[in-house]
Amino acid sequence: RETGGIAVAGMAMGIEVMPGVIIGQRVVIIAMAGVFNGPGSAAVAGAIAGGFRLALGGIGAVPGVGAIVTAAVIGAMVHRRWGDRVAEFGVGRFLLLGGALTAAGLLWTFAIPDRALAWRLLERFAIPLAIFYPLSTVLLGLLLSYLQGERRRLIRTEASIEHSREAMFWVDSTGRIADVNAAATHLCGYSREELRGMPMGRLHDECSAMAWPTIWRTAREQRLLRLESDLRAKDGRPVPIDISCAFLDLETGPLLVYCV
């Protein structure tokens with residue numbers, strides 16, 4: 001749906017070279033939806049953009065919808081052939097894809113009833129489109145490849161942390177727990193919801209409200225601390241632990257990570 005909306009916005013901001021004939025980057029956006037997200041995404045994006053193009057009407061409606069459908073099919077076929085490996089595509093393959101989109105778009109020009117007008121449009125816009133489509137395909141493809149790679153790395157990192165046997169507590173500057181992993185809930189007997197927002201001093205006596213400013217300042221200066229102490233579980237029993245504290249400066253704000 002988001003990709004279809006972007007394609008619609010691309011048509012709204014496209015160049016109307018004459019009444020009913022619009023040139024824009026919708027076919028590239030729709031093709032990329034299929035390339036990176038598969039046939040389902042291509043179908044939804046194509047349906048939204050195609051419906052909007054039909055609503056705009058004009059002599060270019062049929063060629064416009066045809067180019068949209070063709071772009072969705074090309075994108076879906078590429079994804080079916082290479083799957084998630086499309087994120088490894090380089091400039092060359094994205095150029096080829098852009099060339100295929102250009103050829104399809106130009107061929108659909110002949111669906112305009114006035115053949116003489118179709119030829120005039122080709123003579124005027126064939127070269128600009130042959131430059132614009134491949135270039136925009138390369139730029140958008142490389143950007144999406146980078147974002148998909150970052151997303152995969154984030155998923156792997158989150159899964160590794162969540163399933164780690166080491167209990168981890170993320171504590172903010174006020175001494176309250178911002179988040180935990182599954183091992184932390186098993187260690188202390190609290191649920192994740194109960195732990196979020198809880199003062200760390202409730203689990204660890206050395207992190208009392210009085211002592212926390214000193215702990216935070218020391219961790220910020222040394223970046224890494226090691227402690228041996230007891231953690232107080234939900235049932236009140238002390239749990240002997242060896243703690244490593246790492247100070248992290250994140251875009252969302254600094255955090256002290258307790259690894260137990």
Side-chain angles (χ1 to χ4, degrees), residues 1-18 21-53 56 60-61 63-109 111 121-157 251:
R1 290 194 298 264
E2 293 175 355
T3 310
I6 295 172
V8 167
M11 276 187 285
M13 296 184 293
I15 302 173
E16 189 172 19
V17 296
M18 62 179 59
V21 180
I22 302 171
I23 294 178
Q25 54 190 354
R26 60 186 181 271
V27 296
V28 175
I29 297 170
I30 292 166
M32 289 296 104
V35 168
F36 285 92
N37 298 317
S41 180
V44 172
I48 294 173
F52 183 76
R53 183 63 189 90
L56 291 178
V65 172
I68 288 170
V69 172
T70 304
V73 170
I74 290 174
M77 290 175 62
V78 170
H79 185 85
R80 182 173 183 140
R81 171 64 179 82
W82 282 279
D84 290 339
R85 289 179 295 160
V86 295
E88 301 170 6
F89 279 9
V91 172
R93 286 186 173 179
F94 283 125
L95 276 175
L96 288 175
L97 178 58
L101 295 174
T102 303
L106 293 177
L107 287 173
W108 272 106
T109 304
L121 288 172
L122 283 175
E123 291 174 356
R124 183 175 178 184
F125 296 107
I127 293 177
L129 287 180
I131 296 172
F132 174 73
Y133 276 3
L135 180 60
S136 58
T137 301
V138 169
L139 293 176
L140 184 57
L142 292 177
L143 174 61
L144 291 175
S145 294
Y146 170 78
L147 293 176
Q148 190 172 87
E150 289 298 302
R151 179 174 174 271
R152 288 178 184 170
R153 280 189 286 273
L154 179 60
I155 290 173
R156 287 195 296 267
T157 300
E251 292 183 3

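All values derive from a computational prediction rather than experimental measurement.
Closest heavy-atom contact between His79 and Pro39: CD2-CD, 4.3 Å. Here the shortest heavy-atom pairing between Val35 and Val86 reads O-CG2, 3.4 Å. For the pair Ser136 and Val28, the tightest heavy-atom approach, listed with the atom from each and the gap, is OG-CG2, 3.5 Å. Contact between Ala33 and Ala45 at its shortest, heavy atoms only, is CB-CB, 4.3 Å. Minimum heavy-atom separation, Ala71 to Val27: CB-O, 3.4 Å. Residue Ala87 comes nearest to Gln148 through the heavy atom pair CB-OE1, 3.2 Å, listed as atom of the first residue, atom of the second, then distance.
Rounding to the nearest 0.5 Å places CD1 of Ile29 at 10.0 Å from CG of Leu144. Within the model, atoms CE of Met32 and OG of Ser145 stand 8.5 Å from one another, a figure rounded to the nearest 0.5 Å. With values rounded to the nearest 0.5 angstrom, Arg156 atom CZ is found 11.5 Å from Arg151 atom CZ. Taken to the nearest 0.5 Å, the OG1 atom of Thr102 stands 9.5 Å off from the CG atom of Leu97. Summarising the geometry, atom CZ belonging to Phe89 is positioned 12.5 Å from atom OG1 belonging to Thr137; distances are rounded to the nearest 0.5 Å. The CG atom of Leu135 sits 13.0 Å away from the CZ atom of Phe94 when rounded to the nearest 0.5 Å.
Here the side chain of Ser41 pairs no donor or acceptor atom with the backbone of Gly38 at under 3.5 angstrom.
Within a 6.0 Å sphere centred on CD1 of Ile155, heavy atoms belonging to other residues, nucleotides or ligands number more than 12.
Listed by chain and residue number, nothing satisfies the salt bridge (Lys or Arg N to Asp or Glu O under 4.0 Å) test with Arg80 (two or more places apart in sequence, or in another chain).
Looking at Pro134 and Leu95, their side chains come closer than 4.5 Å, going by heavy atoms from C-beta outward. Val78 places none of its side-chain heavy atoms less than 4.5 Å from the side chain of Arg93.
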